[in-house]
Every structure is written in structure tokens, then in C-alpha cells.
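Scroll down for the structure; my scribbles are underneath it.
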Amino acid sequence: PSVKVGAPTRFSTHVGLGAIQVESDFVPHGESGTYHRVHAIVVDGTALVHVLYTARDPDPDLKAFHLVLDSIRRGEG
């Protein structure tokens with residue numbers, strides 16, 4: 001019921017893949033605490049890779065989130 005969604009921002013991953021990121025704060029149904037979510041969509045040709053980070057007490061540097069983003073590589077096949 002209580003959601004704040006930030007504006008989408010474009011960025012490039014460590015290996016140069018284009019991506020879009022959206023951050024939001026929300027209170028899940030039946031909960032009283034606010035959660036923070038970061039959703040990135042990484043584009044590789046026609047493939048879209050979704051990376052989600054959700055935490056009640058978020059890491060301000062988003063280290064784990066960025067480690068995952070930096071591990072995405074362009075694939076062949």
C-alpha cells in the first residue's frame with residue numbers, strides 16, 4: 001500500500017552492457033517495516049537479465065548487488 005518508486009536511470013555494467021535501474025521503498029502486505037528494492041535490467045542483444053536486490057536494512061553501497069551485475073558477461077550460443 002505504501003510505495004515510493006524512483007525514476008529509472010540508465011548505466012553500463014563493468015563490461016559495457018547497457019542497463020536500466022529502478023529503486024523503490026515499500027511495506028509488504030502484513031509487515032510494518034519498510035523494505036528497499038533495487039531492480040536492474042541488463043540488455044545483451046535480445047536477452048534481458050533481471051537482477052533484484054531487496055533488503056529491510058539495505059547495504060548503502062549495494063556491494064552484493066554490484067558484484068552480481070559485474071559477473072554478467074556477454075554470452076555466445
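Residues Phe11 and Val51 are members of one and the same hydrophobic cluster, defined by side-chain heavy-atom contacts under 4.5 angstrom among Ile, Leu, Val, Met, Phe, Trp and Tyr. Under a hydrophobic clustering in which Ile, Leu, Val, Met, Phe, Trp and Tyr are joined whenever their side-chain heavy atoms come within less than 4.5 Å, directly or via other members, Leu52 and Ile41 fall into different clusters. Using a 4.5 Å cut-off between side-chain heavy atoms of Ile, Leu, Val, Met, Phe, Trp and Tyr, with links allowed through other members, Leu67 and Leu62 fall into different hydrophobic clusters.
In this structure, the side chains of Ile20 and Thr9 stay at 4.5 Å or more apart for every pair of heavy atoms. Under the 4.5 Å side-chain criterion, counting only non-hydrogen atoms from C-beta, Phe26 is not in contact with Lys4. Under the 4.5 Å side-chain criterion, counting only non-hydrogen atoms from C-beta, Leu17 is not in contact with Val43. Contact of the Thr54 side chain with the His36 side chain is not registered, since no non-hydrogen atoms from C-beta on lie closer than 4.5 Å.
Here the closest heavy-atom approach between residue Pro28 and residue Gly33 is recorded as CD-O, 3.7 Å. When all heavy atoms of Arg73 and Val15 are compared, the pair lying nearest together is NH1-CG1, 3.4 Å. The two residues Tyr53 and Pro58 make their nearest non-hydrogen contact at OH-CA, 3.5 Å.
One N or O on the side chain of Asp59 and one on the backbone of Asp61 form a donor-acceptor pair closer than 3.5 Å.
Judged as a side-chain contact (heavy atoms from CB on, under 4.5 Å), and not counting sequence neighbours, Ala64 has no contacts. For His39, the ring pair (Phe, Tyr, Trp, His ring centres under 6.0 Å) criterion is met by His50, not counting sequence neighbours. Taking the side chain to side chain donor-acceptor pair (under 3.5 Å) definition, one finds that Gln21 meets it with Glu23, sequence neighbours left out.
The NE2 atom of His14 sits 13.0 Å away from atom NE2 of His66, with the distance rounded to the nearest 0.5 Å.
With a 6.0 Å radius and a threshold of 12 heavy atoms from other residues, nucleotides or ligands, Arg10 has its CZ atom at or below the threshold.
Tested against Val49, the residues Val68, Leu69, Val42, Thr13 include a single side-chain contact (heavy atoms from CB on, under 4.5 Å) partner, Val42.
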